[in-house]
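Report on one structure; see the data block that follows.
Chain letters run A, B, ... following the sequence lines, proteins first, then strands; residues in each count from 1.
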There are 2 protein chains.
Amino acid sequence: MEQVAKDFNAYMDRIRMYNQLMGVAGFDANTVAPKAGVAARAKRQGFFSEKIFIMTTSDKMKGYLEALEAIKDKLDPITAARYQKAKKNFDKNTKIPSQLVKEFSELRAKAHVVWEQARKNDDFDAFAPILEQIVAKSKEMVGHRLEAGQEVYNVMLDDYEEGMNMEIYDKFFAEVREVVVPLLKAVVSSKKQIDAGFMHAPVEKAMQEKISTFTAEKIGYDLSRGYITESTHPFCSGTHKTDIRITTRYDERDFISSFYSILHECGHAIYEQSTCDSIAETELSRGASMGIHESQSRFYENVIGRSRGFWNYIAEELKEYLPKSFGDITPAQFYEAVNQAGPSLIRVEADELTYSLHIMIRYEIERMLFMENLPVRDLPKVWNAKYQEYLGITPPNNALGVLQDVHWSMGAFGYFPTYALGTAYASQFVAEMKKDLDFDALVEKGDFAAITKWMTDKIHRHGSIYTPGELLQQVCGGGLDASHYTAYLKEKFEALYEVKI
Amino acid sequence: MEQVAKDFNAYMDRIRMYNQLMGVAGFDANTVAPKAGVAARAKRQGFFSEKIFIMTTSDKMKGYLEALEAIKDKLDPITAARYQKAKKNFDKNTKIPSQLVKEFSELRAKAHVVWEQARKNDDFDAFAPILEQIVAKSKEMVGHRLEAGQEVYNVMLDDYEEGMNMEIYDKFFAEVREVVVPLLKAVVSSKKQIDAGFMHAPVEKAMQEKISTFTAEKIGYDLSRGYITESTHPFCSGTHKTDIRITTRYDERDFISSFYSILHECGHAIYEQSTCDSIAETELSRGASMGIHESQSRFYENVIGRSRGFWNYIAEELKEYLPKSFGDITPAQFYEAVNQAGPSLIRVEADELTYSLHIMIRYEIERMLFMENLPVRDLPKVWNAKYQEYLGITPPNNALGVLQDVHWSMGAFGYFPTYALGTAYASQFVAEMKKDLDFDALVEKGDFAAITKWMTDKIHRHGSIYTPGELLQQVCGGGLDASHYTAYLKEKFEALYEVKI
C-alpha cells in the first residue's frame, strides 16, 4: 500500500478511537450516569466533539484527501470506502463557516428546551419563533454547500440517506399512499374484531428481563459480545463488533412493548456484530446507512417478529415466562393482538400498517417548508389536515400533533423519511431471500440462524463499504422499490382483517 | 492572572478531560462491558494512555513549567498546586528513557499473566524469573531519577505517598508492631468467645441491594451525584464531584461483606463529592494522596462502622432489611461479630486488628529486596517466617502466602505501606475531631452529617491542593503519628477480648 494510504488509514483509526470512547460515554450517559453530572458531561461531550470535528476537517486531512484523490482508482476497496466517506464529510463540514456551525449548535440547544416546554404546555406559538430560526439557519447552512441547480431539501435528504432525493421519495410515498390509505380505510370499516386486551396482564419486571435475554439469544444476538440494560428510550450502542449493546424499557402492564423493542434493537445489534473482521477496526463497521440499519431492526421486529409463523413457534416457549393468565392464549390470538391496526396520533406508538403514513406526513410537510416556503405558523393547520386526509383523525391539540417529535427542534430535516425505508428495504431483501431459502418454514421452525446467515452474507458483513444504493443494486438488482413493501402490507392486513381493496 | 498561567490551566483542563473520559471507560469496563470486547478496549486504553503521557511530557508542558518556575511565588494557590503536581510528574516521566518505559509496560503485562497462572498452580518457581526481571527493571527505572545520596526504595515510597520514606515508615511500623503483636497474642489466648456464625444467615441479593442504598444514604453519600452497582472487586470511580460512583459485590451467605465494602467505598466517594467548587473543574479534586484517601474509607468503614455506638444506632434500623433469623440479635452481638479478630493468611480478608501486620510484612520484604538485595527466590521462606513471627501462623502453601497479591507483578513496590496509613491517619483526625465534637455521641445518634462536615472542612474540600504532609500539619499539627492508632486498637481490643497487655 502506498505510504499516504497507510498514513490516512492510521489517521482515520485515531479518529475512530475518539468516536469509540465517545460511544462508551454516550452509553453511560444514557443508562447509569447520575443526572447531576449532566453539566460536566456536556462540557466533555463538547470538548471531544470539537476535537473530532477538528481532526476530520484539519489541514492534515485535507492533505490526505488531495493525495488520495490522485490515486483513488488504485486504492484497495476498504481504503477507497474510507476515503469516499471522509471526503464527503470533509466537504460538508468545511464549506460551512465555523461561526455558523457554532450559532446553529447553540440555537439547537436553546430550541430543544423551548420545544420541551411548548409540548408540555401544548403551546405551538411558543415554539414557532425559534423553529422559524431553525428553518432559516438550516437553509443558510445548506446554502453554503449547494451546487448549481441543486435543491436545498435534496441535500438534506442525501445527508441522512446517501443517494436519496425528492424524486425517489415522491414516487415511493405515492405508491405507499395508493395502497395504505385505502387499506387503512378497509381495516377501519372491517367487521373483524381483534382482542388485544389480554396483552396488558401484568408481567413483573424481573420476568420481562428474563424474556429479553431469552428473546435476544433466540433471535441470534450474541450476548457474549453484548449487554442488555434499561434506558428511557431504547437504543443500540456499539463501539466494536465485540461490544454491541442494546437497551429497552419495562412497563409491567405492557410486556409486549419491551419484547418488540428488544427484537428491534437486536436487529441493529446483529447487524453490527456481523460486520466482517477486515473492517472491524475501522469506522466502516457501523452499518451502511440509517435506512439500511432500520431495515435490519424492522426485519427482526416486524417481518419476522410480527409474522404468523413466528408466533406459531414462539408462543409456546414464551409461555414459560408469562403468568398463568396467558396460559390459554393461542398463537393465532398472539399474532392478531400484536398486529392490531388502526388510526393513531402518535408516530412512535403507530402500528406496522400506519407507520409509514405518519412518516409521509412529515416528509410532505418538510418538502413544503423548503420547496414552497410554507410558513412555520401554518404547520399545525397543515399537520392536522394531513392527519385527517390520510389517517381519518384530527389531533385534539398540538401536543398530540405537530409538537410530538423532537427532530425539527434539532434541525434534523430530511431525517424522518429514512424511518419509512426500514420495512420497505427489508421487504425487498426478503423477496430476494425467498429465492434462496424457504423463509416462512425457517421462521415457523425458529431457525433464525439460517436467515441471519443470508442477511450477513448479503448485507451485514459489508458494514458501510457500499452505499445503500450500491448494496440494494447488489442484493436486489435495482433501487428502492415500494412494491414488495405494499404487497406485503396488503397481503398481511387483507387476510388479518378479512378485507379486500 | 498572567497569560502563561491561564494557558497552563487551560492545558491542564484538557488533560483532565482525557482522564475523565478514561475514567468513564474504566468504570464501564469494570462493570457492564462484555468480556469479548477486552482486546478493543485494551487498544483504546493504550492509545489514550499514550496520548495523556505525551501531553503531560510534551515540549508545550515543558515550556509552561519553565515559564511558571520563574513566577511560582506569585501564583494563586490552585495554579501553584497544579504546577507542583504537573512538574513532579513531568520530571518523573521525562527522566526515564521511553524505551525503558515501554519495555517495563510489556514486562508487567506478561508478568500479570504469569502471576495469575502461578498463583492458581501454587508454583512460585514459575513466577520467580519474571519477578526478578520486574525487580531489576524497577531499580533501573528509579535509577534514572535518583539524586545523589537518595535510596531507590525511598523514591518508590514517595511515588505512592508524597513525603514518605523508610525513616518514617520504620518508626511507624515499629510502634505498630510493639502494640499489635502482643495484642494479637493476648486476643488469641483470651477466654472470650465471639459468636459470628449468625452473620452467615442468607440474605437475598435484592435485599442486600436495598441495604446498600440505605447504608450509603445514611452515612452521607449523595446518590443524586452517584450510583451503586456491582463489580468483581469493589471500587470508587469518580470523574467530577457531580458524578462519583461506587461498586460492591454480593454474597448471599455474607451480607456483612457488602455492607462494609459499601461503607468503605462511601468514604472514598464522600471525599470526592465534598471537594470545593473552586477546584471542581481541575485534577486537584481527586483527593490528596492514596493514604489520605484510604483514611476516609477506613474512617467510615472502621472508626465509625465497627464502633459500638454505630451498632447501637444501626442494628435496629438494619433489622428491617434482614431476615427473621436476625430478629433477636442485640447491637452488642453485632458489634462483637464484626470485630472478631485473629491470625489469618489473606490480607484482603484480614480483620481491623491484624490488617497492619499483613502490610508490615510486605513493607519489610520490599525493604529487603531493595536495600539488602534479598534474592527473589528467598521470598517464600522470608514471607513464611514473618507470618509465623508476627501472626503466629505459617501459610500451608505459596498460593495462600507470597503469591496472594497482584502488586509485585505490576512492579508496584512502595504501594503496600499506604494501606497501613488509612486507619492511622483516621485515628489522628479523630483525635482532633474530638476536641471540637462529641464524636461518640454523634455516632450513637446516627448524626453523621456533623462528622462529615468536620471532615469536609478540614480534609475533603481541599482535594489535593495540599500534600498529605501539609494536610496532616494543618489538621493535627504534626506528621504521621502511630500513637493514636495503637491507642485506638489497644483500647478497643482489650475491652472486646477482656485482655490487658
Neighbour count >12 (heavy atoms, 6.0 Å) for atom CD, A:Glu252: yes
Heavy-atom cut-off 4.5 Å, strictly under: side chain, backbone, both or neither for B:Tyr18 against chain A? both
Rounded to the nearest 0.5 angstrom, the CG-CG distance for A:Asp28 and B:Asp28 is 6.5 Å
Measure across A:Ala36 and B:Thr242 and return the closest heavy-atom pair with its distance rounded to 0.1 Å. O-CB, 3.3 Å
Correct closest heavy-atom pair for B:Val24 and A:Arg44 would be CG2-NH2, 3.8 Å
To the nearest 0.5 Å, what is the distance between OH (A:Tyr227) and OG1 (B:Thr31)? 7.0 Å
Side-chain heavy-atom pair A:His240, B:Arg41 within 4.5 angstrom cut-off: no
Please flag which part of B:Lys51 lies under 4.5 Å from any non-hydrogen atom of chain A: side chain, backbone, both or neither. side chain
Please rank B:Lys43, B:Lys35, B:Met22 by heavy-atom pairs under 4.5 Å with chain A and give me the top one. B:Lys43
Is any side-chain heavy atom of A:Phe27 less than 4.5 Å from a side-chain heavy atom of B:Val32? yes
Do other residues, nucleotides or ligands put more than 12 heavy atoms under 6.0 Å from A:Glu116 CD? yes
If you look at every heavy atom in B:Pro34 and A:Ser224, which pair is closest and at what distance? CB-O, 3.5 Å
If I measure from the heavy atoms of chain A, does B:Arg245 come under 4.5 Å with its side chain, its backbone, both, or neither? side chain
Heavy-atom distance under 4.5 Å to chain B: side chain of A:Arg16, backbone, both or neither? neither
Considering all heavy atoms, the nearest A:Asp243-B:Gly37 contact: CB-CA, 4.5 Å
